[in-house]
Amino acid sequence: MESVSHENRLFAPTSEFAQKAAVSGMDAYRAMYEKSIQDPEGFWAEAAEELHWFKKWDTVLDDSNAPFFKWYDGSRTNLSYNCLDRHVAEGRGDKVAIHWEGEPGDTRDLTYSQMLLEVSRFANVLKARGVSKGDRIAIYLPMVPELAIAVLACARIGAVHSVIFAGFSADSIRDRVLDSETCMVITADGGYRRGKMLELKKIVDEGVETCACVKDVIVVKRGEDHPVDCSMVAGRDSWYHDLVADVSDECPAEEMEAEDLLFLLYTSGTTGKPKGIMHTTAGYQVFSYLTSKYVFDLKQEDVYWCTADVGWITGHTYIVYGIMQNGVTQVMYEGAPNHPDEGRFWEIVEKYKVSIFYTAPTAIRAFMKWGDQWVDGRDLSSLRLLGTVGEPINPEAWMWYHSKIGGERCPIVDTWWQTETGGHMLTPIPGAVPTKPGCATLPFFGVEPAILTDDAKEVDAGILAIKKPWPGMLRGIYGDPQRFKDTYWCKWDGQYYFPGDGARRDEDGYIWILGRVDDVVNVSGHRIGTAELESVFVEHKDVAESAVVGVPHEIKGQGLIAFVTVIDGRDHDDHLRKELVTMIDKGIGKFARPERILFSSDLPKTRSGKIMRRLLRDIAEGKELGNTTTLADPSVVEELQQQYLNG
Ligand code: PRX
């Protein structure tokens with residue numbers, strides 16, 4: 001399933017959709033976009049006026065110390081206030097905030113008032129445990145309401161949350177906890193996934209065993225029907241339900257400064273060490289609010305469902321902050337799309353009358369493979385808008401989504417953005433911008449993209465760059481300002497932000513994302529640095545060296561192929577292969593397992609010793625090999641290719 005590079009089918013929004021849309025028609029989009037680019041400060045000030053501020057800003061954008069930009073400097077606000085109190089104060093307290101559904105079928109509905117109460121109570125728990133503004137707190141939870149509650153409770157008192165996706169291993173928890181010196185971990189005894197209980201607390205115990213900074217572990221009880229063997233460490237661990245039983249329902253939201261750190265979210269880069277991406281308060285608040293409002297064309301009567309996990313940026317922005325600031329009702333689902341069967345998502349859409357559905361291309365490809373019988377017969381007529389995120393979507397999957405799920409009437413917003421950007425950057429505005437299958441189309445308001453060569457010349461196909469600062473942009477890498485500058489701002493001398501993706505612009509000015517230009521691979525929409533796997537492999541006593549590359553994968557978008565050389569005289573067999581897979585499970589998480597591990601006596605290198613990944617990719621994609629004349633030892637690639645072909 002390859003991306004067709006010259007796709008030119010064009011799908012305009014239906015007139016019914018366009019008529020009711022917040023931004024209706026291309027002229028409206030263009031006018032608003034022009035304004036946002038000509039007068040960004042005016043545009044972003046107007047957007048911010050829609051939210052609550054304890055004190056308004058002195059300046060909208062302060063770029064005097066670029067790339068350390070400041071937004072809404074001088075203001076004081078609180079994200080939890082804007083997500084909860086504002087709605088309750090304005091009479092929307094009885095509206096359902098979250099229809100939650102657990103994988104086994106248990107459900108809970110929480111209104112905005114109830115969310116405020118739960119968040120306030122838990123914020124009081126945090127305070128009672130000595131947590132104060134600026135303290136870092138790790139959250140390692142399944143998709144239960146307490147995950148959103150814990151995130152908002154941190155925001156309420158100014159604690160910095162660092163959510164760790166509950167598929168990460170104990171070693172990954174340890175690295176993240178130590179890097180940001182978190183004082184507390186919030187977890188659960190377990191979480192359901194495909195009918196099984198993942199024993200999360202056990203993983204946390206192992207992860208924080210050697211982390212002296214962790215003084216407190218708070219445990220949500222999820223395994224009531226399937227008791228989980230969960231031992232509590234005296235003096236460190238407490239049950240969530242015991243703690244919230246003992247505190248007051250009221251906890252006023254802390255007045256946060258504009259650039260106070262809101263959260264850290266670790267993501268992969270080109271080295272073995274994940275980066276703690278920093279997002280701060282006021283700019284992220286406005287950007288998450290406004291992108292949600294326009295890209296999902298949110299209406300008060302909508303029922304929105306994003307299938308991502310809050311452990312990733314999509315869940316931060318488009319489950320918690322952006323969506324809840326808009327005060328709409330959403331569905332939150334704990335488990336797998338194919339449990340108890342492959343029709344689960346469509347059953348949920350039908351049951352809750354979901355009107356906006358946001359998911360990843362990898363899920364869409366899996367549904368296509370599972371067959372139409374899971375969709376046929378379901379009433380999906382409540383849907384009015386569809387979205388995708390996380391990786392390029394191939395036109396075939398886009399067309400299936402459009403016709404089978406969207407009934408040919410729902411616009412699809414293919415949203416390109418990153419952990420670092422905080423929110424949508426390139427995306428159709430649904431009532432305005434006609435879509436093309438597989439294309440993220442045009443920029444969001446205030447976002448000015450460019451496509452450049454290495455030496456900053458504008459071209460039609462090249463490297464994606466962002467010209468202007470935007471409110472949701474990352475403010476740094478935790479503890480490493482130099483890496484922040486080097487990674488994102490040095491490529492074009494501080495003139496542009498460098499996201500790490502390739503792109504091309506077509507004759508309509510639409511931008512097509514071509515995938516990463518660095519050694520980051522997108523497996524099922526999960527961002528994985530190949531260097532992270534390599535550094536795990538070389539910890540094995542028999543491994544001399546390794547190189548991991550990404551290759552196209554029918555369902556996952558990309559898969560990982562690992563090339564490993566063993567120390568002379570050591571065995572390389574299935575036993576070693578199994579050990580290496582176990583090391584990846586332990587070092588990163590099962591989701592980072594490679595498709596294949598190939599052993600060889602050496603890796604293809606240039607005479608100066610640089611590994612030629614391009615050739616490894618050719619081998620792994622079964623392509624004819626490119627130029628091998630610069631290799632120190634050309635026989636190496638032949639050996640690898642033979643091995644690859646022999647299966
Ligand atoms: O390569 C792009 C790809 O995902 C990367 C960002 O990954 P992450 O920080 O984990 O955030 C994922 C969720 C926002 C990008 O650099 N990517 C994301 N969305 C798209 C995409 N590639 C193509 N089309 C998209 N819509």
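Just so you know, these numbers come straight off a predicted model, no measurement behind them. Read the numbers this way: they start at 1 and go in the same order the structure lists the ligands and their atoms.
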Problem - Within 6.0 angstrom of Lys556 NZ, more than 12 heavy atoms from elsewhere - result: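 Yes, because the 6.0 Å sphere around NZ of Lys556 holds more than 12 heavy atoms from other groups.
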Exercise for the section: Count the heavy atoms of every other residue, nucleotide or ligand shown that sit under 6.0 Å from NZ of Lys485, and state whether that count exceeds 12. Expected result: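 Count not over threshold, so no.
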Would you kindly specify which portion of [X] sits under 4.0 Å from ligand 1, judged on non-hydrogen atoms: side chain, backbone, both or neither?
X      : answer
Arg516 : side chain
Asn522 : side chain
Ala440 : neither

Problem - Arg593 side chain reached by Val523 side chain, heavy atoms, under 4.5 Å - result: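 No, their side chains stay 4.5 Å or more apart.
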If you have a sec, work out which protein heavy atom is nearest [atom] and how many Å separate them, to one decimal?
atom                    : answer
atom 8 (P) of ligand 1  : Thr419 OG1, 3.5 Å
atom 23 (C) of ligand 1 : Pro392 N, 3.1 Å
atom 13 (C) of ligand 1 : Thr314 OG1, 3.5 Å

Quick one: which ligand 1 atoms are inside 4.0 Å of a heavy atom on [X]?
X      : value
Thr415 : 19 (N), 20 (C), 25 (C), 26 (N)
Val389 : 13 (C), 14 (C)
Arg527 : 6 (C), 7 (O), 8 (P), 9 (O), 10 (O)
Asp414 : 24 (N), 25 (C), 26 (N)

Could you check whether the rings of [X] and [Y] sit parallel, tilted or perpendicular, using 30° and 60° as the cut-offs?
X      : Y      : result
Trp398 : His402 : parallel
His279 : Tyr284 : tilted
Phe345 : Phe357 : perpendicular
Phe444 : Tyr294 : tilted

Practice task
Give a yes or no answer on whether the side chain of Ser524 reaches the backbone of His526 with a donor-acceptor pair at less than 3.5 Å.
Solution key: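 It does not hold such a pair.
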Out of [options], indicate the one that has the non-hydrogen atom closest to [atom].
atom                    : options                        : result
atom 16 (O) of ligand 1 : Asp501, Ile513, Val520         : Asp501
atom 19 (N) of ligand 1 : Gly557, Pro499, Gly390, Gly500 : Gly390
atom 21 (C) of ligand 1 : Trp417, Tyr318, Trp416, Trp312 : Trp416

Atom pairs and distances, donor-acceptor, side-chain atoms in residues 429-439, under 3.5 Å, two or more places apart:
residue, atom, partner, partner atom, Å
Thr435, OG1, Phe11, O, 3.3
Lys436, NZ, Asp506, OD2, 2.7
Lys436, NZ, Asp508, OD2, 2.7

